[in-house]
Each structure stands twice: as C-alpha cells, then as structure tokens.
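By convention in this document, chain letters (A, B, ...) are assigned in the order of the sequence lines, proteins followed by strands, and residues within each chain are numbered from 1.
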Amino acid sequence: MKTLSKIYESQFFEDALYKEWEESGFFNPDICIQKGITEKDAQSFCIILPPPNATGILHIGHSTMLAIEDLLIRYHRMRGDKTLWLPGTDHAALATQEKVERLLWENDKKTRHNLGRETFLHHVDAFVEKSRDTMRMQMRKMGSSLDWSREAFTLDKKRNIAVNTAFKKMFDDGIIYRGDRIVNWDPKMQTTVSDDEIEWKEESVPFYYFQYGPFVIGTSRPETKFGDKYIVVHPDDTRYAQYKHGETFEVEWVGEKKITATLIKDRAVDPEFGSGAMTITPWHDTTDFDIAERHSLNKEQIIGYNGKMLPIAGDLVELDIFQARKKIVEKLKEKKLLVRIEENYIHNIAINSRGGGFIEPQIKRQWFVNVNKTFTRNGKEVSLKSLMQEAVRSKKINIIPKRFEKTYFHWVDNLRDWCISRQIWYGHQVPVWYRGEEIYCGITSPSEDGWKQDPDTLDTWFSSGLWTFSSLGWPDKTKDLQMFHPTSVMETGYDILFFWVARMILMSTYLLDEIPFKTVYLHGLVRDEQGRKMSKSLGNVIDPLTLIPQYGTDAIRLSLLIGSTPGNDLRLGEEKIAQYRNFTNKLWNIARFILSQKKEGSPFIENISSISLDSSHFILSQMAMLITNVTSDIDTHQFSQAGEKLRDFTWNTFADWYIEITKFEENKEETQEILFFIFKDLLKLWHPFMPFVTEALWKEMGYREHFQTMIFVSPWPQKGLYKKKGTPHSSENFSSLIILTQAIRAVRAQHHIAPNKKISLTLCITKSSPEFFSLVQRNLPLVTKLKTGIENIHLQKEPFIFETPHISHSLDDKISFHIPLLESIDADKEKARLDKEREEIIQCLFSINTRLKNPDYKEKAPQHLVKETQKKQKELLERKKEIEQFLKNTL
RNA sequence: GAGUCCUUAGCUCAGGGGUUAGAGCGCUACGUUGACAUCGUAGAGGUCAGUGGUUCGAUUCCACUAGGACUCACCA
C-alpha cells in the first residue's frame, strides 16, 4: 500500500511538477484544443501579464500579481475555457538605461558617450537578456502557468512594427504633432521626462522679495530673473488698480542699464500669495509659459540644457543654478533692491523618479500626443480623452474595486498633451526621417538616400500602451488577436492605474476601436508587518525566492491571496506564511490518512450509487454548498473569501468532523468511497490557489493514474451530483447532532469533568419529526465516541423527570441532555452558568418584545422577518421556562 | 489646495440595512503513544472611532468631527 511521508516537503516536488506541466504543452491553449482538453468552440479567457521591468528581479509585489493571475488562469482552464496567459517583459527604457549607465560607470568609469550609441545598446541588450532569464526562472518558481511559446518583449522586432504602425497612424491623423513646448527636462540624464515620472520632494528654502520698479515681487528662484521684463498681477487686485494692462515702466534691475517692463493682468496670479505681483520666466516655468502664450509674450532661455547659466546671465554665465542664485541675490542687495527674505519657505522640487536629477522646465521641440484634438469615429466627434472616458463610463470596462473609477476619471479629465519623445538611446526610435525641410514618417525607413532619422526614442509607455494587442500580433490580423482581444482581465497594482492602464485604454480604443480588457482588477501593495512599504534601505524586503525553499510556493501564494482584498494594501510577515505552510501540511496529512484507509484494489467511484450513512449525506451536501460558493466567489473576484471558505471546509468540516466521524462509522466501504470522492474534488477546488501540493497529491493518491490526466487540466467540480445525493434536510439534521456533541464537550469542560471520566447521559428529543428522532437514534453510538466520554446514553421522547440532581442543558426547544451530578461537579457553578444564560435570554427577549410591540415594525418590515421574530420569541420563552424549571428542580 | 480610503476582539483583517457581529493568529484551561505537536477540545475577549440625521430597524446609508494612510495638483 502506498504511504506518504509525514510532512509535505515542497522542495522535492515543485520543480519537477512545473517541468511536467510545461512539457505537457497545456499552458498553450492551442495544444489544449488539439489534445481535446478544451472544446474547439469554447469561450476564451485571456490575461496578458503586466510585463515586469527589464531592470531587475521580481519582488513580493510581483508574486501577488502572479498568484492572482495564475489563480484565474488555472480556474478558467479547468472550467474548459480557451485560456491564455501571455508572458513578457517591458524594456523600461529610462530605468534600464539609467541602471546600465550606472553599472558602466561603477565598473569601468565610462559613460555611454565613451562607448557610442551602438556599443552602448549592445551592453544594454546583454544586461536585459540576463535579467529576463532571472525573471523567467522566478515566474516558474511561483508556479505561473504562462504560455511561454508566446512570450513577447516590448522592444523586440514585432513590437517595433506595432509601435511604428501606431505612430504613423497617429501622425497621419494629426494626433501626434511636433511642437516647441515646455517640458520636464532632466539635465543629469539629458532627456525629457513625462509628468507621471516626476517625484516631488518638500524643501525649505529662502523666499526673496525684490523691488521691481513700483512693485515688490516675490520669488524662490532669483537665478531665473535675468530676463524678466513682464510683471503680472491679478486683474481684480485693487492694490494695482491704478496700473493698466500693457503699461510700461523703466525699471532698475540686475544689469547696468534700466530695462523696460510691461504690466500684464492675468487671473493665474494669486493675490493672496506673496505681494500679489510677480515677474515671469516663461522658458522655465509651466504657469509662466501658459501666461506668456495667452498674451503672446517673448520667451527667453536663461538656463542651458546642461543646467548652467547661459550668456544672458552676464558674468554669472556657466554657473550652476545654486551658485547663480547666491550671486544674484548679492548683486541685487548691493543695488538696494532686496526688500526682505523670508526663511524656511516650504516648496516642492521636482526630481526624475527614474534615478535622474532635478527637473528643470525647458522649452524644447518635442513630439506630443494631442489628447484633445477631435476627430470623427463612428459618426461621432471624439477625442482621445473622450474615448478614454467613454470606455469606462459606458461600463464596457469594469474597474475593481469600483472606487478607482473616480481616480481614473480625475486623472483623465486633467490629462494634458503627452510628450512622447525622449533623448535617451534605449528604446523605440521615433519613426520619422528628415531631409532638409522634408519630413517622412513610416513604418520602415524611406527607400531613397539622404534621409536622417530622428535620434530621439519614444516614452516606454507608448509601447506599453499597445501591449494587450501588440503582444497578440497586431498590426497583423492574427488568429490570436481575433480570439483573445479584448482580453478578459487586466490585473495589476493600483499604483499603475494611470501610468499604464489608462494608456492601454487610449491606444486600444483609438487604434482598434476596441477596449483592451473587460475587467481591471487592482491589487494592493504588499507591506511589512508594521505597514511600511518594503524598501531596500529599510531592509524589510521580503524576497519570495528565499522563502520558497523554507515554506513552499503554495504557502506563499496562500498568504498573498487569503486576507487580501482588491485595492487594499496587505501586511505580510513570515508568521503568516508559516501559518499557511501549516495548512499545506494539513492537507497533505488529510491525504495521508485517506490513503491509509484505502484497501488494495478498492474502486474509484465516479458516481455514488447508494448512500446509507447520515454522515455521508451530510458531507456531500456541505460539499455541494462549497462548490457553489467557491465557484461564484472566484467568478466575482472574491478570491480571499473563496480561500477562506475552502480552508474552513477543509480543516473544520472535513478534517475535524467528517474524518473523525469516519473513524467510528462501521460501513468502511462507504466512508472510503466518500472520502476519496470528496477529496478528489477538494483538491480541484484548491488547485488554483495551491497548484503544487494539489498536483502532487493528485498523483500520490492515484487520481492521476485513474483519470489519466493531471489535475491542472482536469474538469472543475460539478455540484450536480452532490446536490442529488446530499440532501440539505438530512444535512441540517446532522448538523444538530454536531452541535449536540459540541455542547456535551463544553459542559464537560466547564465542570472540569476529567477527560477519562465516563458519564451517563439522558437525551430528550421532544416535539421533533420522526425522521429527526430516528436520525439521532441511529447516530447515538457516534455521539458517544466523539470525545464526549459517554458510557451510557439513554434516549427518550418525553421530557426528563427528575429524581436525583442533574446538570441539564437544552440546545433548543427540541433537544436537551441531562447528566447526573457527580462529586466532581460544582452545583453552584452550574447554577451560575444557567443564571447567566437566563439573563442573556431575558435581554434578548426584551429587544424582541420591543420590536414586536412596535406597530410600524409589523407593518413595514418584511413579513418573513416578522414571523421569524415571533417564532424566536416563542422559542426563547420556552427555553427560559425550561431553565427556570431546571434551576428549581435539579439544583 | 482637490480627491480617495481606513478606524470592527490584544494583533492582522473579513463582513454587511434585519435583530445574540465573524475568521486566522495570540491568550487561558485541558488533552493526545499511529493522518497531522506544522495536532485536537473548550473558553475568555467587541457600546463595530465620536456626534447628529434618514429608517419600523444603523456597526452597515448620509452629514459633520477626530485620528491615520494614500493619490493628484502645485502658487511666483
């Protein structure tokens, strides 16, 4: 007979099982159809894996993503859907280039310019290939059932064609334009950066007030003030009412000569702030740029792209901004133009979050995506913005949790034109060529000579935005695209809603006139036990890979799935993982027990023909409920709830009750059949949560051999059979028996009756149906064995007549049991316990009585509730009466 | 400045207009020589942050208050 080791040792199973899964080919939906696992005309279910950045290794956040997505994928595969989970990596241009540049400097003290574009890019490619290998291995370790045959990369050749195709269409439609506009410039990395990639840091700096003609102006950035010749106030500011818009002044300023300043009135000025008057620097400030645009003012560059002052700064030329700031303040002070300084002015400075430097707004000629330009689509005037809004507003896309819809709309509503060109080398090059004044945009380079390509590359998110369809082969009209797009679920962290999810909606609706996915499921961030973000500097990072050998992948997956709800952060400590490791082991040992019961040659039943035991009806009916609940919970994306129900059933109902009961049932043939039958489906229900141990047990238990299939491609359990055999009625009755058993144990514990002390017990079943009475009668031997320590049990239909003192306990108005007073039993204690129960009943009755006395309640509350309340009132009254009788007669 | 979320048992969190509010861990007491000490049995522990409103009924919905977390915008 087959036996299992005492403990589930995950490390001996996981890698081999993954290899078997992968080699079976069934991660690929085409092979599932070929081999008849999936019907040809089955519906499709598809998730495109959010591609991890090519910069490094996967962290526990990625594990969450993989656990949730693999759960969905495995579930749908078992449901018989054409199921595809497509893996890939994101080239993450800015972050990757920054990392490789840093490594290059650390190792060889070289910059990318030392190497030249081509050699540098070879370096990056090599780095990326290595880290992709690491990530592929990590995803396999997590058990991810990804279709590796379809793996894609945001920067491979196919995706380049997709990017160029998208760019060209947008260019031709006038959605992409080239313009001189203010952008976020990172002088350190020498590139523009998108609004979303900027991090703001609070900083305390001095705030200066200068005399500027008749005005006092305030600034925290004096170094930008060289060229200022416009003074702006709010049109309604009474302090400046005497001056007219467009009026000019001769003003003493930094240089030797006076300058001519013009007054501009604009509502962008906040009269409450500073002196209510400011000068503007349109080249280096977004607000100032907008004001200058509105009034057609001149714009002058003060700071170079290298972050140093330009010749306009006179003798301060080539100084960096901080040096220049000091110097100019000194100068103005000498000229007696410095009015005062406020120290500790708090303002925010912008930093490139991808490892760059301080952002300096600059005007640059860049490529932009116009999000407001209107065009005609299906006979309607639309813009990219309106397409993005419509996709969610129309409920075509469902965001889970719903509250993030608000965040989404807020972001879309405030979206500005998207700067898509970058001056870094790594990435998709802008597919535009120049020859003199001519511009050519195409998917491939022009055939004639003399054209020079735009050296800039595209924002990574431009290619990521295409991901749901570029990964499926677009712009070719592939079978995959037809079959799997729109994809089913986009599962990702809520922190990436803007960066990515919104841009995918933009690209997909515009280019394909299709939504990219039907459901967006946003998971929370994984935090440490104290609720802090995990970071290298805090040293609180949990690396999934180091935990796997100790706890097993299944335990890690469970600890990420159970107890977490969409959109909410999850606290994770090793203790929690250990807890689920224990559960994995519990499941293993349940199997070990069942297997030990199996007689050689006993059959696997696929259809339960005859059931005789009440416990069998009970467990079958409970299982039917479980299948229904777990299925619907997964369908409604309530994974944690599904997991909790499974754990509760497995540990409590199945292991602690049913298995314990089978030990005392006489009909071993039947209990064995039932055990094997239920456990088979229990493993299936668990499989999407904990793929390894379930697949291992499926094999060890002999299911694999019998059904000639691995569990991950076996069909999802059907509740039909259970429902037919396990009648809810008998299940309910049997539950009463369980409650009775618990009550007997509790009474024993409360009275400190020694565990080995046997008792006699009288059980009164009054006012019950004959079926219930006979069920109890049939199962009396069971009750005596289930840790109740009963020696003699006496069952009667009549109320108990007291001749000697007894402890009496009633469960409801039907069942009560009575134990003769022993020396060990403290009568006062029992009296106190009953008094307490009586008090509780009286309180409960009070609230019920008040409710029933209220005429509005009877009138307005649903009738069934009123009836239930009345019934409850009756029951409580009887129980109270009974207790009072016990107190009077027996103690 | 705008917005979102959270506040439920000692801890971590579910839940949800319907009456005696749940889980896991922890705690207390007890038990166990063959499925499992990575176990079992029983128990203690909560005016569901506060105030007001809507309702027959609020822990749940609404408003405000207090504390905490986050996101967006960014004002010279």
Side-chain angles (χ1 to χ4, degrees), chain A residues 3-4 6-8 195-196 200 207-208 217-221 224-225 228 232 268-270 272-281 285-288 291 347-348 350 401 403-404 406-407 410-411 414 494-495 497-498 525 529 531 555 562-565 567-573 575-576 578-597 638 640-641 644-645 647-648 651 655-656 659-660 663 742 745-750 752 754-756 786-788 840-841 843-844 847-848 850-851 854-862 864-866 868-869 872 876:
Chain A
T3 53
L4 299 178
K6 244 182 151 171
I7 290 171
Y8 170 57
D195 292 348
D196 299 312
W200 296 86
F207 191 77
Y208 306 92
I217 56 145
T219 184
S220 60
R221 296 202 60 186
T224 62
K225 296 295 165 199
D228 288 6
V232 190
V269 178
D270 176 6
E272 305 285 316
F273 188 85
S275 60
M278 67 174 184
T279 60
I280 55 166
T281 315
D285 186 282
T286 323
T287 316
D288 294 2
I291 294 172
H347 82 153
N348 289 322
R403 67 185 141 92
F404 280 99
K406 277 188 191 170
T407 325
H410 184 255
W411 187 81
N414 294 306
Y494 65 73
D495 52 334
L497 181 68
F498 310 127
L525 306 177
E529 279 162 303
I562 299 181
S564 89
T565 42
N568 292 326
D569 294 350
L570 173 75
R571 289 191 193 195
L572 184 70
E575 224 176 86
K576 187 173 175 190
Q579 205 177 298
Y580 286 107
R581 186 261 330 263
N582 295 357
F583 177 75
T584 317
N585 193 58
K586 182 76 184 180
L587 191 71
W588 179 263
N589 272 289
I590 290 171
R592 191 161 173 249
F593 173 79
I594 296 176
L595 210 53
S596 74
Q597 297 299 104
Q638 294 173 281
S640 175
Q641 214 172 91
E644 278 176 58
K645 284 173 190 166
R647 181 186 51 191
D648 180 59
W651 208 315
D656 289 347
I659 285 187
E660 290 308 312
K663 290 179 182 171
Q742 275 173 323
R745 287 172 184 167
V747 166
R748 287 189 65 117
Q750 265 159 17
H752 301 284
N756 54 356
L786 290 167
K787 298 197 176 180
T788 48
E840 280 169 7
I841 289 172
Q843 261 181 28
C844 191
S847 90
I848 285 180
T850 344
R851 205 174 319 142
N854 186 344
D856 281 342
Y857 175 73
K858 276 193 184 165
E859 213 174 285
K860 293 180 183 168
H864 72 275
L865 274 174
V866 179
E868 270 171 42
T869 311
K872 183 106 195 180
L876 285 173

Practice prompt. In whole angstrom, give me the gap between the C1' atoms of G3(B) and A76(B).
Written response: 25 Å

Practice prompt. Please measure how far the C1' atom in G45(B) lies from the corresponding atom in A37(B), and state the result in whole Å.
Written response: 26 Å

Worksheet item: Between the side-chain atoms of Asn854(A) and the base atoms of C56(B), is any donor-acceptor pair under 3.5 Å?
Response: no

Fill in: Quiz item: Gln750(A) side-chain donor-acceptor pair to A29(B) base, under 3.5 Å
no

Worksheet, complete the sentence: Side-chain atoms of Asn582(A) come closest, of U41(B), A35(B), C39(B), to C39(B)

Worksheet item: Can you tell me if the side-chain N/O atoms of Lys586(A) get under 4.0 Å from OP1 or OP2 in U38(B)?
Response: no

Watson-Crick or G-U counterpart of [N], or none if no pair lies under 3.5 Å:
N: U47(B); answer: none
N: C70(B); answer: G3(B)
N: C13(B); answer: G22(B)
N: A76(B); answer: none
N: G34(B); answer: none
N: G52(B); answer: C62(B)
N: A29(B); answer: U41(B)

Rounded to the Å, how far apart are [X] [atom1] and [N] [atom2]?
X: Asp285(A); N: C75(B); atom1: CG; atom2: P; value: 5 Å
X: Lys663(A); N: G40(B); atom1: NZ; atom2: P; value: 11 Å
X: Asn756(A); N: U41(B); atom1: CG; atom2: C1'; value: 15 Å

Worksheet item: Within the structure shown, what part of the strands sits under 4.0 Å from Leu587(A) by heavy-atom distance: base, sugar-phosphate, or nothing?
Response: nothing

Discussion item. At 4.0 Å (heavy atoms only), tell me whether Ser220(A) reaches a base, stays on the sugar-phosphate, or touches nothing.
Written reply: sugar-phosphate

Item to complete: Step through the shown structure and confirm whether more than 12 heavy atoms of other residues, nucleotides or ligands are within 6.0 Å of CD on Glu868(A).
Response: yes

Worksheet item: Does the side chain of Tyr580(A) pick up a donor-acceptor pair with the side chain of Arg647(A) at under 3.5 Å?
Response: yes

Discussion item. Between Thr407(A) and Tyr494(A), do the side chains contain a donor N or O and an acceptor N or O under 3.5 Å apart?
Written reply: no

Discussion item. Please determine whether side chain to side chain contact (heavy atoms under 4.5 Å, CB included) holds for the pair Ile562(A) and Gln579(A), giving the CA-CA distance in whole Å, both sets of side-chain angles, and the decisive distance to 0.1 Å.
Written reply: CA-CA 11 Å; Ile562(A) 299 181; Gln579(A) 205 177 298; over 6 Å; no

